[in-house]
Amino acid sequence: MLVDFNLKEQFKVWKRAGKPIPKEYFDLGIAFWLLDPDAGDYSPERVAQQYLQTPFSDSEKTRTQLRAYAEKKLKEYKLEKIFWDMEMPLLEILADMELAGIGIDRGYLRALEKELEKRLETLTKAIYKHAGETFNINSPKQLGEILFQRLKIDTQGVKKTKTGKVSTDIDTLLLIQDRHKIIASLLEYRELFKLLSTYIRPLQELADDQGRVHTHYIQTGTATGRLSSQNPNLQNIPIGSEWATKLRTAFVAEKGYRIAAFDYSQIELRILASLTQDPEMMKAFNENVDIHALTASKVFKVAIAKVTPEMRRLGKTLNFGVVYGMGAMAFAKSSGVSFADARKFITEYFNDFKQIKIWQEEIKAQARTYGYVTNLNGRRRIILGAAGMGREVAEGERAAINMPIQSMNADIMKLAVIRIAKELKKSGWYQKEVRLLLTIHDELLFEINEHIIEEATRIITKAMESVYALRVPIKVTKKIGENWGAYE
DNA sequence: TATGAGGGCGCC
DNA sequence: AAACGGCGCCCTCATA
């Protein structure tokens, strides 16, 4: 059997050369990642040093030793199924996705770049004028001096960075927005500069000569089982703002194809409902009730029909906050209510969804007792600090609460990808008429030949919704368009 | 010239 | 004072 590190890169080379991929293979980095997904570094050097207590030598013998050790541990930790049925099949699919890449319209991006540069120049001049001098707007240090010393903007309520300087982050700028005219220009400058430097310019650089960009998925990149994406990271492309939509418009389907996005709807909350078996939350999903409105109606004690958009917004923040183990401070900050009110809402929330609180306590106890937590499929994460005291305990507890949810999400997505690839291979469409391009945690992005789009859509939706049985239904929404920015 | 910390910010 | 889980990447600036 083929045993090595970085098989995905190897497979890409072979696939490009038309060489077949072996039936069975064992990726060492992924195996050691499953054993301790927090370690961060799964290089042959680190792994050999830690597990064999010897520097890595690229030999059959070393690889066999590492495999023997990893297999023993995978078995001991009951991670074999995840390794063989999820991670190994996924590896080859990721290679296919990376090879496919996603098309970008380089001419359009270039035009967008020019437009942004022009606007940024105007903003820069306006900022200098307000400041009365030129300075490096991108330097938080210099910007802080301009705002709070030279312009003497009131620092009432402005937070400090960890090195004790006044912050100039977006929250601060919004807070002091009414205190000086310069702030409006700064806010716009920040958004545009980010877009230009992080996305618009690098994407053009990274496109191949066909105008396609090929991200690299890191299968060992997270502690929860998610994938990460780099060079470029296509999992954090802006969404929502006007400029973000313009940027997404640059991601285009090939002629005769469409971009199709499939989204798991509120998957993490469905997982939460399923794991906790909270009767109220399960009922909501089983009856297709708007979950954020339901939460609002409970904590505000009004009928669902009487829930205002503002109340629903708070309900949504609460629901997501629970998934992350949020405290009153964070809730107050992100929702805008007072600290006292935040505490009341959270108390009320756990009163309404009693099982959620119980479940959270169970998970925390697990982390304390064993030093790790697992999800339903056996994926594990070591939680340090949960047995100690102080800030680190709280951090460990939050990570512990989030892990079973986020990792289950990751598992469902991985299983869906594997199922979809299998289904598509039956018709011969796999990575031809139907190309899986991106996975973005709860979303899959495809490029699909318009002639078969309806049939393909049915196959994909069905696979995603049925690949894993939760105690509540899993729902998928789809969006189709000729690019990633505008849907039909 | 390279590196890494710090500040900041994009996404789910 | 006070960060809510998981990521990757940009620029600045001090240091090597």
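The sequence lines fix the lettering, A, B, ..., with proteins before strands; numbering per chain opens at 1. Quick note: numbers below take in every heavy atom, side chains included, and nothing from hydrogens, waters or symmetry partners.
- For the pair A:Gly327 and A:Ala223, nearest-nucleotide mapping onto DNA chain C gives the more 5' position to A:Gly327.
- Ring-centre distance between A:His180 and A:Phe148: not below the 6.0 Å cut-off.
- A:Ile405 comes within 4.0 angstrom of nothing in the nucleic acid, heavy atoms only.
- Distance noted for atom P between C:dA2 and B:dG6: 16 Å (whole Å).
- Phosphate contact (OP1/OP2 of C:dG8, side-chain N/O of A:Thr198, threshold under 4.0 Å): absent.
- No close placement of the A:Tyr349 and A:Phe345 rings is indicated, their centers lying 6.0 Å or farther apart.
- Annotation: B:dC9 and C:dA3 have their C1' atoms spaced 15 Å apart (nearest Å).
- Of the two residues contacting DNA chain C, namely A:Thr161 and A:Ala394, the nearest-nucleotide position lying further toward the 5' end is that of A:Thr161.
- Using a 4.0 Å heavy-atom distance criterion, A:Gln406 is classed as a base contact.
- Here A:Asn409 lies out of heavy-atom contact (under 4.0 Å) with every strand.
- Among the atoms of the strands shown, none is found under 4.0 Å from any heavy atom of A:Glu443.
- Salt-bridge formation is detected for the pair A:Glu87/A:Lys414: a Lys NZ or Arg NE/NH1/NH2 atom is positioned less than 4.0 Å from an Asp or Glu carboxylate oxygen.
- Listed here is the closest heavy atom pair of A:Arg150 and A:Ala131: NE-O, 2.6 Å.
- Remark: A:Ser139 is in phosphate contact with C:dC13, judged by side-chain N or O atoms under 4.0 Å from OP1 or OP2.
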